[in-house]
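Below is one structure, written out as structure tokens; the observations come after it.
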Amino acid sequence: MLREGVKPNMFTYSSVLRACDGLSNLRQLHSSIMKYGLESDTFVRSALIDIYSKLGELQNALHVFHEMVTGDSVVWNSIIGAFAQHSDGDEALNIYKSMKREGFPTDQSTLTSVLRACTSLSLLELGLQIHVHVLKFNQDLILNNALLDMYCKCGSLEDANFIFSRMVEKDVISWSIMIAGLAQNGFSLEALNLFKSMKVFGPKPNYITILGVLFACSHAGLVNEGWYYFQSMKKLFGIDPGREHYGCIIDLLGRAGKLDDAVKLIHEMKCEPDAVTWRALLGACRVHRNLDLAIYSAKQILKLDPEDAGTYVLLSNIYANSQRWEDVAEVRKTMRGRGVRKEPGCSWIEVNKQIHAFILRDNSHPQIHEINRKLSQFIHTLIGVGYVPDTNFVLQDLEGEQRADSLQYHSEKLAIVFGIMSISREKTIRIWKNLRICGDCHAFAKLITKIENRHIVIRDPVRYHHFKDGVCSCGDYW
DNA sequence: CTAGGGTTAG
């Protein structure tokens, strides 16, 4: 077209941009758009933002956005969607606020991205407010899916079940969200029952649906059922097991103590095992105290992911527990040499629309003294009813948090105590954290729900724990 | 009578 001297217009570019497959490609297109003076067209602009975002170039996307003189809702939606999809919920919400301030109307697409931002930040309160706006629109499948996912990820299964039952149209994504959501929140049997009704009433399951099903089996310890689905997924649903399915099954076998079978399966995998695969095995080694295999798995992880701080810490603790001090020193040296630092444990809780963060060894919270005093009282009371601070794990300090001297100050304990102090009794205390919960905090949370008669939900990077009446929805299996 | 934005796992 250019060779023949035909001048491209905005229609041309908004179509061609969608076919763009790389950054150098895109830069060329962008500069010729500027040359023809077409960058002010809203269609071209939203396409540019979209493509920069798909290539992970968020700063460039933002740059295009900020040069906007005349815009429309779609351009705003593009930039909000870009940040929401790249897990920068904060920025997505900030831009959403500006959009409203400047008087642009909100539509289904805007709300979908805003809900996704709420999901990644675990902002249930804001999500509930957005839900009110959702009701102004006719039922919209994608928007409902985002709402459903928000409730699942924020640990509010009552709301999720309600939305799911009321959706007039459900696709494979709706079913997959609900199945995985139930499984992650500890309702494995409900997840499997839902999958059974999906087979009768719903669409054909896909790759991700099966992952949710295997996840449910693994977290409920249903070895036979999980193994059956894994073995027959190709025949029943026409889906070849991928790396993630193997990961779930290795987790399933490993948790059940079948470490040899798990190792055997890793060697039989059709795709190359990755760090996630080995981490599943390592988790099982930790639970079942298999030191040699733990060391082996940790080394495999570090080959594939040399920056994984948690694995270094774990490996060095494994050596320490076997009095292999030279190996301990070696691991610490490698870690320092590669500039890897362990992430401190951090927990967040939303109180009166304010996020409060508790970071290990950080005392900047204004009420930290009161919280610590209260925490000591609780620990004292709990010891009276049989709580034993668990400072004696064989493989301690999994993520840099589980040290005996700091056990009391684990961020989730502080967040729980703060929640009890500041959230009214009938409301659920909801906490989310960056690392997995440790055995001691888990025991602490269970007992405190009993003596205080509270409901606590803790979301960690992998799953959710619903504590009530002294028990946890995970059945102490995580 | 040719263009644009939104949802699931890891």
Side-chain angles (χ1 to χ4, degrees), chain A residues 8-19 33 38 41-54 61 64-65 71-85 87 92 95-96 99 104-120 130 134 137 140-153 160 163-164 167 169-184 198 203 205-216 218 239 242-248 251 271 274-277 279-280 305 461-463:
Chain A
N9 65 9
M10 52 276 243
F11 291 96
T12 325
Y13 281 111
S14 58
S15 305
V16 170
L17 278 170
R18 305 185 62 187
I33 286 167
L38 295 171
D41 181 76
T42 53
F43 283 79
V44 173
R45 190 181 297 276
S46 61
L48 271 173
I49 292 173
D50 193 38
I51 300 299
Y52 272 123
S53 150
K54 286 200 169 89
V64 171
F65 175 76
D72 66 1
S73 293
V74 178
V75 180
W76 284 92
N77 289 345
S78 299
I79 193 70
I80 293 171
F83 283 100
Q85 282 160 37
S87 319
I95 301 175
Y96 171 61
M99 179 184 184
F104 286 91
T106 294
D107 66 11
Q108 291 96 320
S109 171
T110 328
L111 295 181
T112 304
S113 295
V114 171
L115 281 170
R116 183 163 169 165
C118 294
T119 306
S120 64
I130 300 298
V134 168
F137 295 97
D140 178 293
L141 178 60
I142 298 180
L143 180 52
N144 277 336
N145 283 345
L147 188 62
L148 186 64
D149 192 42
M150 185 276 294
Y151 281 127
C152 286
K153 296 276 165 47
I163 297 293
F164 189 76
M167 281 169 69
E169 189 192 355
K170 301 184 185 86
D171 65 359
V172 64
I173 295 181
S174 327
W175 289 85
S176 304
I177 291 169
M178 197 65 220
I179 291 169
L182 286 165
Q184 284 172 323
M198 179 180 181
N206 68 10
Y207 186 97
I208 293 169
T209 320
I210 307 297
L211 268 182
V213 172
L214 296 182
F215 191 83
S218 131
I239 299 156
R243 206 180 261 135
E244 287 121 320
H245 297 105
Y246 276 100
C248 276
D251 190 60
C271 35
D274 65 357
V276 179
T277 318
R279 236 176 257 131
D305 185 1
V462 181
R463 59 172 304 129

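Please read all numbers here as calculations on a predicted model, not as lab measurements. Labels below follow one simple rule: chain letters A, B, ... track the order of the sequence lines, proteins then strands, and each chain is numbered from 1.
- Checking side-chain atoms of A:Arg18 against main-chain N and O of A:Ala47 turns up no donor-acceptor pair under 3.5 Å.
- One can place CG of A:Asn206 at 13 Å from P of B:dG10, the figure rounded to the nearest angstrom.
- Residue contacts for A:Ile208: at a heavy-atom cut-off of 4.0 Å it reaches a base atom on one of the strands shown.
- Closest to the side chain of A:Ser176, from the set B:dA9, B:dA3, B:dT8, is B:dT8.
- Per the geometry, CG belonging to A:Leu141 stands 12 Å off P belonging to B:dT8, to the nearest Å.
- Counting any heavy atom pair closer than 4.0 Å across all strands shown, A:Met178 reaches no nucleic acid atom.
- Using a 4.0 Å heavy-atom criterion, one finds that A:Thr42 contacts the bases of the nucleic acid, with or without backbone contacts as well.
- B:dA3 has its base stacked against the ring of A:Phe43, the centroids being under 5.5 angstrom apart at an interplanar angle below 30°.
- Here the C1' atom of nucleotide B:dT2 and the CG atom of A:Leu38 are 15 Å apart, to the nearest Å.
- To the nearest angstrom, P of B:dG10 lies 7 Å from CG of A:Leu211.
- When the side-chain nitrogen and oxygen atoms of A:Arg116 are compared with OP1 and OP2 of B:dT8, one or more of them lie within a distance under 4.0 Å.
- Out of B:dA9, B:dT7, B:dG4, the shortest distance to the side chain of A:Val74 is found at B:dG4.
- As a whole-Å value, the separation of A:Leu48 CG from B:dA3 P is 18 Å.
- Residue A:Asp171 contributes atom CG, which lies 13 Å from atom C1' of B:dG6 at whole-angstrom precision.
- The separation between A:Tyr246 atom OH and B:dG10 atom C1' is 17 Å, rounded to whole Å.
- Residue A:Asn145 places no side-chain atom within donor-acceptor reach of the base of B:dG6, judged by atom type and a 3.5 Å distance cut-off alone.
- Taking CG of A:Leu141 as the start and OG of A:Ser174 as the end, the distance is 5.0 Å to the nearest 0.5 Å.
- Using a 4.5 Å heavy-atom cutoff, the side chains of A:Tyr96 and A:Thr106 are in contact.
- Between the side chain of A:Ser73 and the main chain of A:Pro105, a donor-acceptor pair closer than 3.5 Å is present.
- Across all strands shown, A:Leu143 has heavy atoms under 4.0 Å from base atoms, whether or not it also approaches the sugar-phosphate.
- If you check every strand for non-hydrogen atoms under 4.0 Å, A:Val276 touches sugar and phosphate atoms only.
- Counting atom types as modelled, A:Asp107 pairs no side-chain N or O with a base atom of B:dG6 as donor and acceptor under 3.5 Å.
- Looking at the side chain of A:Thr112, the nearest of the listed nucleotides B:dA3, B:dG10, B:dT7 is B:dT7.
- Of the listed nucleotides (B:dG6, B:dT7, B:dA3), B:dA3 has the atom at the smallest distance from the side chain of A:Arg18.
- OP1 and OP2 of B:dA9 both lie 4.0 Å or more from every side-chain N or O belonging to A:Gln184.
- Taking atom CD1 of A:Ile130 as the reference point, atom C1' of B:dG6 lies 14 Å away to the nearest angstrom.
- With a 4.5 Å cut-off on side-chain heavy atoms, A:Val74 and A:Thr42 do not count as touching.
- Within the structure, every side-chain polar atom (N or O) of A:Lys153 is placed at least 4.0 Å from both OP1 and OP2 of B:dT7.
- When heavy atoms are screened at a 4.0 angstrom cut-off, A:Val75 is found touching base atoms of the nucleic acid.
- Between atom CG of residue A:Asp305 and atom CG of residue A:Asp274 there is a gap of 9.5 Å, rounded to the nearest 0.5 Å.
- Here A:Asp140 lies in heavy-atom contact (under 4.0 Å) with a base.
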